[in-house]
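Some notes on the structure that comes next.
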Amino acid sequence: MQAKITLLPGDGIGPEVVAEGVKVLQAVAARYGHTFEFTEALIGGSAIDTTGSPLPDETLAECRASDAVLLGAVGGPKWSDPRAAVRPEQGLLGLRGGLGLYANVRPVKVYPALVGASTLKPDVLAGVDMIILRELTGGLYFGVPQGQSGEKPNRSGVDTMAYTEGEVSRLMRLAFELARGRRKKVTSVDKANVLASSRLWRTVAHEVAAEYPDVEMEDILVDACSMHLIRRPADFDVIATENMFGDILSDEASMLVGSMGMLPSASLGAGKFGLYEPIHGSAPDIAGRGIANPLATILSCAMLLRWSLGLAAEADAVEAAVDAVLAAGYRCGDIRTPGCVLLGTVQMGDAVVKYLGGKSDAT
Ligand code: NAD
């Protein structure tokens with residue numbers, strides 16, 4: 001197959017981890033006889049520095065002309081002045097909106113080899129394998145009115161949490177479709193005891209659930225969910241929730257796995273096109289040191305192969321290579337455990353490529 005993939009390395013460790021993702025995709029292409037054409041474009045702080053905009057028009061055009069997008073991360077202290085008119089994160093929000101991506105899929109799977117890297121007890125972590133499905137285009141991050149007004153000492157700020165029936169139903173439908181291919185359970189997370197938008201969410205979620213009688217469905221309030229996520233995480237299959245709740249819960253869930261450096265994600269819209277990115281940020285504290293864990297990005301590449309390119313066997317092979325690398329005891333610093341073999345970013349990418357080729361010795 002031939003595919004065009006746009007690369008948005010971004011800021012901080014973004015370029016470091018994207019380079020390893022590309023290395024693995026190139027190895028997949030060589031091994032399975034595909035041709036992947038890569039084009040690089042600017043986003044985030046590096047785009048602000050070069051063009052003044054966190055999302056230049058050319059970047060959006062490149063993404064629209066491709067089959068899939070692989071993103072590193074955006075942001076960093078250089079661009080974090082809250083008074084700045086343009087911020088790197090605007091690039092991300094603009095990209096999701098501009099590409100019509102409304103659902104963020106975040107798989108959270110605990111690798112047996114990494115149980116020791118989490119702060120939670122091993123018996124709590126056994127069997128954890130869930131997807132957090134986060135709504136991306138509505139809710140508190142986009143509702144209007146939004147902003148600050150007034151003068152000291154009477155300043156005020158406002159954000160609006162708003163949802164339409166259509167936004168909720170398309171996300172819930174995806175949740176049920178995903179659950180059908182898994183353990184057939186959907187947990188819809190809201191705050192219906194307080195928020196009107198959540199009461200709409202719950203009503204629509206149940207209407208969609210009626211179309212999927214083969215899938216079990218439960219409602220949980222977001223505060224209770226945050227507790228159950230660390231008390232009984234293995235009970236969850238697909239968690240579907242609104243934008244900000246999903247943002248927070250997915251970071252919490254990353255700690256089940258031990259590090260944000262292990263968690264991939266896909267942002268999907270109506271067709272097969274998707275934006276794939278690790279859930280972590282630009283990690284300015286370790287950027288440029290060659291120690292960032294590229295596995296979240298490599299696992300995002302596996303999602304890209306499966307969802308946007310329809311290459312399920314190749315995606316399975318990448319995930320199996322990551323499993324094998326971890327089982328063999330290789331680790332980056334963020335998931336290091338006693339007795340492991342410590343690898344840098346590039347070495348970890350090389351190790352995955354070697355295991356992808358069926359080699360058993362990644363050193
Ligand atoms: P972060 O995810 O960048 O880092 C949090 C901690 O996790 C840091 O200690 C970091 O070193 C570590 N970490 C993250 N990814 C890692 C990896 N692959 N390997 C090893 N360790 C890793 O979050 P932050 O520090 O809150 O944010 C830094 C910047 O990133 C901010 O400007 C923020 O706005 C931005 N950000 C961007 C995205 C994105 O691009 N999608 C997401 C979150 C944060």
Side-chain angles (χ1 to χ4, degrees), residues 6-22 40-60 62-63 69-99 101 104 106 132 134 136-137 139-142 146-148 157 159 243-255 259-267 274-300 332-334 345:
T6 299
L7 305 174
L8 305 178
D11 309 315
I13 62 169
E16 300 172 48
V17 293
V18 165
E20 300 314 304
V22 171
E40 206 169 300
L42 290 168
I43 191 165
S46 49
I48 293 175
D49 287 352
T50 313
T51 70
S53 162
L55 181 63
D57 292 344
E58 308 81 68
T59 296
L60 202 51
E62 273 298 340
C63 293
V69 177
L70 179 64
L71 175 96
V74 300
K78 184 177 175 193
W79 307 280
S80 64
D81 183 346
R83 292 161 304 175
V86 284
R87 287 174 290 110
E89 291 74 14
Q90 291 167 337
L92 265 190
L93 298 183
L95 192 64
R96 290 169 184 159
L99 297 174
L101 305 171
N104 187 244
R106 298 186 172 192
I132 298 187
R134 167 188 168 196
L136 269 191
T137 56
L140 205 54
Y141 295 175
F142 292 95
Q146 183 183 62
Q148 292 185 46
D159 295 285
N243 204 340
M244 185 184 68
F245 297 163
D247 195 0
I248 296 169
L249 292 177
S250 55
D251 268 23
E252 183 189 3
S254 73
M255 287 300 100
S259 170
M260 294 214 273
M262 289 302 301
L263 287 187
S265 81
S267 298
L275 166 72
Y276 300 85
E277 56 178 314
I279 78 151
H280 60 72
S282 59
D285 52 334
I286 58 167
R289 292 167 54 196
I291 59 171
N293 184 351
L295 291 179
T297 306
I298 290 169
L299 291 167
S300 301
C332 286
D334 59 323
T345 312

**CA sep, side-chain torsions, deciding dist, call: Glu277, Val17, side-chain contact (heavy atoms from CB on, under 4.5 Å)** = CA-CA 10 Å; Glu277 56 178 314; Val17 293; over 6 Å; no
**Identified side chain to side chain donor-acceptor pair (under 3.5 Å) counterpart of Tyr141 within the set Asn243, Asp159, Asp247** =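 Result for side chain to side chain donor-acceptor pair (under 3.5 Å) with Tyr141: Asp247.
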For the backbone of [Y] and the side chain of [X], can you confirm whether one donor and one acceptor N or O come within less than 3.5 Å of each other?
{"X": "Ser282", "Y": "Gly75", "result": "yes"}
{"X": "Thr59", "Y": "Leu55", "result": "no"}
{"X": "Thr6", "Y": "Glu62", "result": "yes"}

Considering non-hydrogen atoms only, spot the tightest contact between [X] and [Y] and give its length.
{"X": "His280", "Y": "Ala296", "result": "CD2-CB, 4.1 Å"}
{"X": "Tyr276", "Y": "Ala266", "result": "CE2-CB, 3.4 Å"}
{"X": "Cys332", "Y": "Ala292", "result": "SG-O, 4.1 Å"}
{"X": "Pro9", "Y": "Ala41", "result": "CD-O, 3.8 Å"}
{"X": "Ala253", "Y": "Ile132", "result": "CB-CD1, 3.7 Å"}
{"X": "Ile279", "Y": "Pro264", "result": "CG2-O, 3.7 Å"}

**Message:** Heavy-atom count check: over 12 atoms from other residues, nucleotides or ligands less than 6.0 Å from Asp285 CG?
**Reply:**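 Atom CG in Asp285 is crowded, with more than 12 foreign heavy atoms closer than 6.0 Å.
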**Prompt:** What residues form a side chain to side chain donor-acceptor pair (under 3.5 Å) with Ser254, not counting sequence neighbours?
**Reply:**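 Counting only residues at least two positions away or on another chain, Ser254 forms no side chain to side chain donor-acceptor pair (under 3.5 Å).
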**Item:** Check: Glu20 and Thr297 side chains under 4.5 Å, non-hydrogen atoms
**Value:**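 Counting from C-beta outward, Thr297 and Glu20 never come under 4.5 Å.
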**Item:** Any side-chain heavy-atom pair of Val74 and Pro54 under 4.5 Å
**Value:**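 Val74 does not reach Pro54 side chain to side chain.
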I need the [X] [atom1] to [Y] [atom2] distance, nearest 0.5 Å.
{"X": "Leu70", "Y": "Cys63", "atom1": "CG", "atom2": "SG", "result": "10.5 Å"}
{"X": "Leu101", "Y": "Leu275", "atom1": "CG", "atom2": "CG", "result": "6.0 Å"}
{"X": "Ser259", "Y": "Leu295", "atom1": "OG", "atom2": "CG", "result": "9.5 Å"}

**Request:** Before giving the answer on side-chain contact (heavy atoms from CB on, under 4.5 Å), spell out for Arg106 and Leu263 the whole-Å C-alpha distance, their side-chain angles and the decisive distance to 0.1 Å.
**Result:** CA-CA 7 Å; Arg106 298 186 172 192; Leu263 287 187; over 6 Å; no
**Message:** Working note: Val18 + Glu40, criterion side-chain contact (heavy atoms from CB on, under 4.5 Å); need CA distance, chi angles, decisive distance, verdict.
**Reply:** CA-CA 11 Å; Val18 165; Glu40 206 169 300; over 6 Å; no
**Asked** Can you list the residues that meet the side chain to side chain contact (heavy atoms under 4.5 Å, CB included) rule with Ile291, with sequence neighbours excluded?
**Response**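 Only Ile286, Arg289 meet the side chain to side chain contact (heavy atoms under 4.5 Å, CB included) criterion with Ile291.
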**Prompt:** Any salt bridge between Lys78 and Asp11, counting N to O under 4.0 Å?
**Reply:**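 Salt bridge flag = no for Asp11 with Lys78.
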Only pairs under 3.5 Å count here: list side-chain donor-acceptor contacts from residues 83-99, not counting sequence neighbours, and write none if there are none.
unit_1 : atom_1 : unit_2 : atom_2 : d
Arg83  : NE     : Asp81  : OD1    : 3.2
Arg83  : NH2    : Asp81  : OD2    : 3.2
Gln90  : OE1    : Arg87  : N      : 2.8

**Given Asp49, Leu8, Thr51, the one that forms side-chain contact (heavy atoms from CB on, under 4.5 Å) with Leu42** =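 Only one option passes, and that is Thr51.
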